[in-house]
Colleague: 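Below is the structure I would like to discuss, written out as structure tokens.
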Amino acid sequence: MNETKDTTGTDGGGMIEMNHVGKWYGEFQVLSNCSTSVNKGDVVVICGPSGSGKSTLIKVINGLEPFQEGTITFNGVSVGDRTTNLSKLRSQIGMVFQNFELFPHISIIENIKLAQMKVLGREDDEARNRSMELLERVGLSDQRDKFPAQLSGGQQQRVAIARGLAMDPIAMLFDEPTSALDPEMINEVLDVMTELANDGMTMMVVSHEMGFAKRVADRVIFMDEGYIVEDCSKDDFFGTPRGDRAQLFLSKILTH
Amino acid sequence: MAKMRGALRVGLSVAVLLGLTGCAGDFRYNWNWSILACTSENIDAGCIGPYFFWILEGLSWTIAVASAAWVIAFPLGSVFGILRTFDKPILVVVPFVKSPIYFRTRAIGTSKGIIWVNVAWFLHGFANVYVTIFRNVPLLVQLFLWYFVFPELLSDEAGMWVKREMPLPEFWTAVVCLGLYSASRVAEQVRAGINSISRGQQYAAMAIGLTPVQVYRYVLLPVAFRIIIPPLTSDFLGVFKNSSLALTIGVLELTAMTRQIEEYSYQGFEAFTAATVLYIGVTAIVMVAMRVVEGRVRIPGMISLEAK
């Protein structure tokens with residue numbers, strides 16, 4: 001579908017392939033030698049202490065942040081290649097942010113319609129119908145004409161998920177989707193995400209919700225100081241994490 | 001309580017003003033407000049000149065200079081403000097050129113046999129230079145440069161056209177000068193407005209597949225312009241007030257006319273009072289209009305952007 005050649009050399013056939021990715025902010029190295037592969041339908045939860053590079057790891061996948069070393073391919077398209085049409089690539093990857101990031105000046109339904117019309121070129125009717133469908137799916141169809149600031153955090157985050165899904169993405173990235181929410185709102189968002197995972201969506205989720213990871217994840221990636229320290233199935237991770245660092249992290253996060 | 005204190009402050013100010021007027025009385029100044037109402041018809045009735053129409057004419061020149069300058073300043077300033085936020089590279093690859101050496105700067109680089117040019121670096125730099133120059137040179141100096149120096153830099157015919165043959169040379173010089181100067185101020189407001197929007201908004205807009213132009217058009221600018229309405233109002237008012245400098249190159253706007261009335265009639269206090277009231281009146285209308293605009297585009301539920 002795109003002429004851009006696959007420059008990874010090692011074509012593992014995964015939807016997302018990262019090979020020896022390194023990224024620097026000036027002198028500071030945020031990602032070091034990160035390699036992983038995510039297959040279609042996989043749900044991968046990424047955890048680790050703050051500043052370990054989790055958010056950066058998923059931001060380089062859709063090219064929101066540039067990287068300096070290694071290769072990333074998404075669905076066969078090289079992300080780091082200058083000739084890649086990044087806007088087109090990003091439209092195939094839904095992304096949900098910690099602070100929702102709905103566009104404050106347009107209503108809920110306009111938020112969901114915007115990229116459908118401007119990027120996918122859908123007609124107004126079609127975009128509206130698709131938006132209403134998704135709003136119903138996340139249980140917010142009665143809020144369609146409100147503005148983002150009039151909704152609660154949990155509602156805003158569900159709209160953000162609907163906005164991502166409206167582009168009919170083939171994968172979804174979640175950057176700490178529940179970290180900015182009050183405890184009672186976390187579940188309404190996690191429920192939507194669980195449903196999405198059960199429908200077979202390919203997902204990478206940066207999260208500290210270990211309950212969600214246990215229930216939904218196929219794999220868990222544990223990061224520390226820019227390195228991928230553990231990358232294993234969830235049973236292995238919660239059963240017997242290999243590294244001391246991961247054990248320490250788990251003991252801290254699971255005891256309270 | 002707060003209200004009482006406010007009333008007290010207003011009361012004191014009025015008292016001080018009245019005191020000053022009282023001082024003016026000590027100069028044995030002959031107040032004669034009727035000169036302002038004089039028209040050419042009632043010259044015989046003891047009036048010296050048609051000052052009423054002079055003031056009206058001055059006012060219309062002031063409005064003309066300021067509005068025309070704003071028509072230049074707003075779009076131009078917006079463009080420069082947007083360019084000043086281009087910190088991410090926009091690479092244009094120059095095709096069919098084999099680069100013999102490998103080099104990399106922020107502006108131009110080569111890699112794998114292709115040369116790329118970072119257009120954003122040049123646009124950004126150009127906007128920076130523009131704003132630095134036009135914002136940091138005093139407006140009066142700029143006005144003299146445009147009026148006296150600029151025509152000399154042109155070819156003989158072009159210079160002569162700008163000086164003489166162009167219709168209303170003083171007016172257009174003032175408009176261009178004031179417009180370019182105000183554009184640099186508008187640019188700073190627009191830049192500040194865009195930069196005040198969280199980086200996450202930009203990420204979110206890019207992540208749903210909008211192109212960089214669409215990110216600005218549909219996400220950043222609509223919010224940025226709402227945020228900067230109050231400071232932009234100040235700049236718009238500034239254009240009206242700064243237009244008074246045009247008198248130095250011979251535009252007969254409100255201040256110039258007022259001075260002329262003083263010279264003819266020696267009734268400067270009345271004339272300048274009238275000018276003051278008119279300046280305040282015009283700017284008040286602008287303020288009210290901008291308030292209305294602000295209220296119209298207010299985003300429901302958003303406290304930080306709400307008027308009042």
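Every chain is numbered from 1, with letters handed out A, B, ... down the list of sequences. Here the structure is a predicted model, which is why all the values come from computation and not from measurement.
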Colleague: Answer with side chain, backbone, both or neither: which region of B:Gln214 has an atom nearer than 4.5 Å to a non-hydrogen atom of chain A?
Modeller: side chain

Colleague: Could you tell me which portion of A:Ile93 (side chain, backbone, both or neither) has an atom closer than 4.5 angstrom to a non-hydrogen atom of chain B?
Modeller: backbone

Colleague: Of the backbone (N, CA, C, O) and the side chain (C-beta and beyond), which part of A:Leu102 lies under 4.5 Å from a heavy atom of chain B, both, or neither?
Modeller: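 The backbone, not the side chain.
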
Colleague: Which region of A:Asn62, side chain (C-beta onward) or backbone (N, CA, C, O), has a non-hydrogen atom less than 4.5 Å from a non-hydrogen atom of chain B, or is it both or neither?
Modeller: side chain

Colleague: Flag the pair A:Met132 / A:Ile109 as yes when at least one side-chain heavy-atom distance between them is below 4.5 Å, and no otherwise.
Modeller: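 Yes, side chains in contact.
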
Colleague: Output yes when a side-chain donor or acceptor of A:Asn85 lies under 3.5 Å from a complementary backbone atom of A:Ser87, and no otherwise.
Modeller: yes

Colleague: Assert yes or no for the condition that the ring centre distance of B:Phe86 to B:Phe126 is strictly below 6.0 Å.
Modeller: no

Colleague: Is B:Arg191 salt-bridged to B:Glu188, cutoff N-O under 4.0 Å?
Modeller: yes

Colleague: Between A:Gln98 and chain B, which part of the residue has a heavy atom less than 4.5 Å away: side chain, backbone, both or neither?
Modeller: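 For A:Gln98, no heavy atom lies under 4.5 Å from chain B.
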
Colleague: Of the backbone (N, CA, C, O) and the side chain (C-beta and beyond), which part of A:Lys146 lies under 4.5 Å from a heavy atom of chain B, both, or neither?
Modeller: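 It is neither, since no heavy atom gets under 4.5 Å.
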
Colleague: If I measure from the heavy atoms of chain B, does A:Phe97 come under 4.5 Å with its side chain, its backbone, both, or neither?
Modeller: side chain

Colleague: What option among A:Gln150, A:Met95, A:Met167, A:Lys118 has the most heavy-atom pairs under 4.5 Å with chain B?
Modeller: A:Lys118

Colleague: I'd like to verify something: which residue of B:Pro212, B:Ser198, B:Ala204 has the highest number of heavy-atom pairs under 4.5 Å with chain A?
Modeller: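 Top option by heavy-atom pairs under 4.5 Å: B:Ala204.
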
Colleague: Donor-acceptor check, side chain of B:Gln201 to backbone of B:Val219, threshold 3.5 angstrom: yes or no?
Modeller: no

Colleague: Under a 3.5 Å distance rule, please check whether B:Arg185 uses its side chain to pair with a backbone N or O of B:Asp235 as donor and acceptor.
Modeller: no

Colleague: Applying salt bridge (Lys or Arg N to Asp or Glu O under 4.0 Å) between A:Arg130 and each of A:Asp124, A:Asp168, A:Asp125, report the one that passes.
Modeller: A:Asp168

